[in-house]
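Below: one structure, written as structure tokens.
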Amino acid sequence: MSRQRCLTLGASVLIALFAPPAVAVAQGRLTLPPGAVSVVGAFADHRVDTGLGLERAFGPMFGAQLDVEPDPRFGVSLRALGGTLDAKLPGSETRSVGELALTSRLDVLSWFRGTVSAVGRSYSGALARQHWSELSLGGEGHAPLIDGILDASLGLSLAPVVRVTGRQGPDLAVAGSARLRHSGERLDLSLGYSLERYDFPVVEGTRRVEEISMLTLRAGLRFGRRPPASAQ
Amino acid sequence: MTASGAATVRRTARCRRAALPALAVAFALASPLAPRAASAQSNTAETLTQATKLYEDLQVERALVLLRQVISPSSPFEVSHEQRVQAYTYLGASLAILGMRDSSIAYFRAALERDPFTDLDPSRFTERERSAFGEARHRTLAVGARPLAPRRLDPRTDAIPMVIVSTHVAAVRAEVVAAGDTSGVPVFDRETEGIRELSWNVRLADGRVAPAGRYWLVVRARDSLGVTDSSSVGFELAWDLPALEDSLPPLAATDLLPERWPPSSAPRQLAKGSIFALGAIAVSSLGRRSLGGSVRPLTKGIAIAGVAAGIAGAVDRWKHPVNTAAVEQNQRRREALGARNAAIAARNAARLAELRIIVIPSGLPE
């Protein structure tokens with residue numbers, strides 16, 4: 001995919017993500033939509049198989065997240081995370097990771113929502129810095145585990161557009177997630193696990209495979225007034 | 001006869017001649033049966049015309065002969081109610097002129113009994129005739145009600161005019177009674193004499209607008225001697241109204257969500273937690289095996305949390321089997337239904353304000 005097509009696609013996604021709040025402002029409804037502002041802590045496990053051996057780095061990441069739900073069926077979240085992952089295997093190097101992710105969710109069914117995510121990620125090591133940018137599409141099923149207290153969701157997404165600096169994009173980019181969320185009147189808490197896998201094309205007989213998995217804990221305060229929830 | 005007496009007789013004759021066409025027209029208009037029975041009654045009408053002309057020309061004896069033919073049971077011609085009343089009236093007047101006061105009163109009474117609205121115009125009949133007629137009214141208690149005129153009215157502002165009569169002083173009660181009903185709406189109840197103009201606001205005793213249907217204006221009277229009489233006239237009321245909306249029925253059980261969780265719900269929550277834990281492990285297994293086995297260590301945290309949440313969810317369902325979200329949803333549905341019914345009621349009230357009542361006369365007084 002050409003750079004121009006990628007930019008066009010990215011711009012379209014951004015317009016889709018921010019259109020509802022923009023419309024609200026344009027219509028003079030300047031009331032704050034419901035949402036939450038959170039702090040995020042995570043343990044990240046970054047694994048790379050270069051074909052010459054396994055590299056693994058592990059460590060904490062911290063950041064913040066802003067969730068906005070302009071409509072009961074639609075939500076947007078912006079998350080920024082950063083941290084240093086320590087090398088866990090010989091031959092690995094310590095790296096810093098920074099990530100900015102914008103995700104929109106649209107409830108399609110009472111138990112299923114579609115997701116669109118745009119992610120930018122940067123790995124910095126002693127020798128080099130690598131930037132990743134990707135656009136992924138997916139969906140997640142959700143159901144209450146404890147009525148009115150805790151919801152569970154399982155998601156799967158594919159990233160058709162992944163750009164990695166200095167390297168050809170992967171043949172396969174797939175991600176899965178599992179999340180428990182408490183969304184109360186004031187508190188918004190979640191515990192999630194996600195894994196992203198990238199299989200790069202075979203080059204000179206070797207295939208590079210990368211994955212990053214995270215166990216994420218988020219604690220936030222809600223703002224705005226949510227409409228009453230419908231019965232399941 | 002003196003000159004002044006002759007002048008008085010001529011004046012009286014002129015008055016009678018002038019009154020005759022008007023009286024004839026009035027009787028003709030007052031008879032709804034006139035067109036239908038016109039041919040059968042033509043001879044009676046001719047006889048009456050001839051008799052009244054003779055009466056006006058002071059040929060009273062010849063007039064009496066014709067008038068007696070009209071009321072005779074052996075008359076071969078059909079005689080309408082109005083014609084009979086007219087004949088009795090002229091018989092009474094003729095006999096009063098001839099000085100036969102008792103007979104005059106008897107015929108006037110016969111006329112009054114058949115039509116209590118019968119009256120002698122002071123400008124057309126002499127004092128002697130009116131004196132006899134007054135005596136007849138004193139001796140006869142008869143009440144009546146005029147047939148209602150057709151009309152269309154707004155029940156909020158208009159009323160139906162009604163006219164009743166009592167031949168002499170009596171306690172008179174007039175009420176509107178719906179067909180098939182025994183109690184009526186009183187529109188007049190006091191001692192009175194003569195013609196009374198009343199009005200009915202088309203409301204029942206409870207204040208509601210009278211529904212469409214057949215009604216009777218019933219007049220009852222009792223005089224100081226204990227003599228009673230009654231009369232009634234029928235009419236129909238029709239509603240001219242835009243169609244009203246039906247209110248929505250109450251929500252059926254199928255329209256509402258179950259407000260209690262089924263007994264199988266608790267184990268299902270446990271199963272959900274387990275499925276979530278398995279799902280988290282499945283997410284972990286998306287990773288390539290060459291990157292360090294099939295299950296990543298971080299998965300354990302979310303899987304354990306999922307199972308724990310499932311257990312907590314099951315306990316919660318056991319302890320609190322009421323589906324509060326469903327209860328709230330049902331309440332919202334009931335409130336929405338109430339709001340829609342209130343809107344329908346408001347629209348119907350606005351349409352009821354456009355209600356018009358149509359009065360349809362029916363039948364003669366009975």
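Scope of the values below: all heavy atoms of this structure, side chains included, with no hydrogens, waters or symmetry mates. Predicted, not measured: the structure shown is a model, and the values here were computed from it.
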Exercise: identify the closest heavy-atom pair between [X] and [Y]:
X	Y	answer
A:Glu134	A:Ala159	OE2-CB, 3.8 Å
B:Gly287	A:Leu195	N-CD2, 3.7 Å
B:Pro186	B:Glu175	CA-CB, 3.8 Å
B:Leu217	B:Ala145	CD2-CB, 3.7 Å
B:Leu256	B:Arg333	CA-NH1, 4.0 Å

Of all of [options], which one pairs up most often with chain B through heavy atoms under 4.5 Å apart?
options	answer
A:Ile149, A:Asp147, A:Asp45, A:Asp49	A:Asp147
A:Leu145, A:Ile146, A:Leu154	A:Leu145
A:Ala152, A:Gly141, A:Ser194	A:Ala152
A:Val48, A:Val209, A:Asp199, A:Leu150	A:Val209

Q | Portion of B:Arg317 that has a non-hydrogen atom of chain A nearer than 4.5 angstrom | A | side chain
Q) Can you say whether A:Leu156 sits under 4.5 Å from chain B via the side chain, the backbone, both, or neither, judging by heavy atoms? A) side chain
Q. Where does A:Glu210 contact chain B at under 4.5 Å (heavy atoms): side chain, backbone, both or neither?
A. backbone
Considering only distance and modelled atom types, tabulate donor-acceptor pairs under 3.5 Å from the side chains of residues 171-179 of chain A, sequence neighbours left out.
residue	atom	partner	partner atom	Å
A:Arg179	NH2	A:Glu140	OE2	3.4

Q.
Between B:Asn330 and B:Glu259, is there a side-chain donor-acceptor contact under 3.5 Å, judged purely by atom types and distance?
A. yes
What residue in [options] has the most heavy-atom pairs under 4.5 Å with chain A?
options	answer
B:Thr299, B:Ile275, B:Leu298, B:Thr324	B:Leu298
B:Leu270, B:Asp316, B:Ile302	B:Ile302
B:Arg288, B:Lys272, B:Arg268	B:Arg288

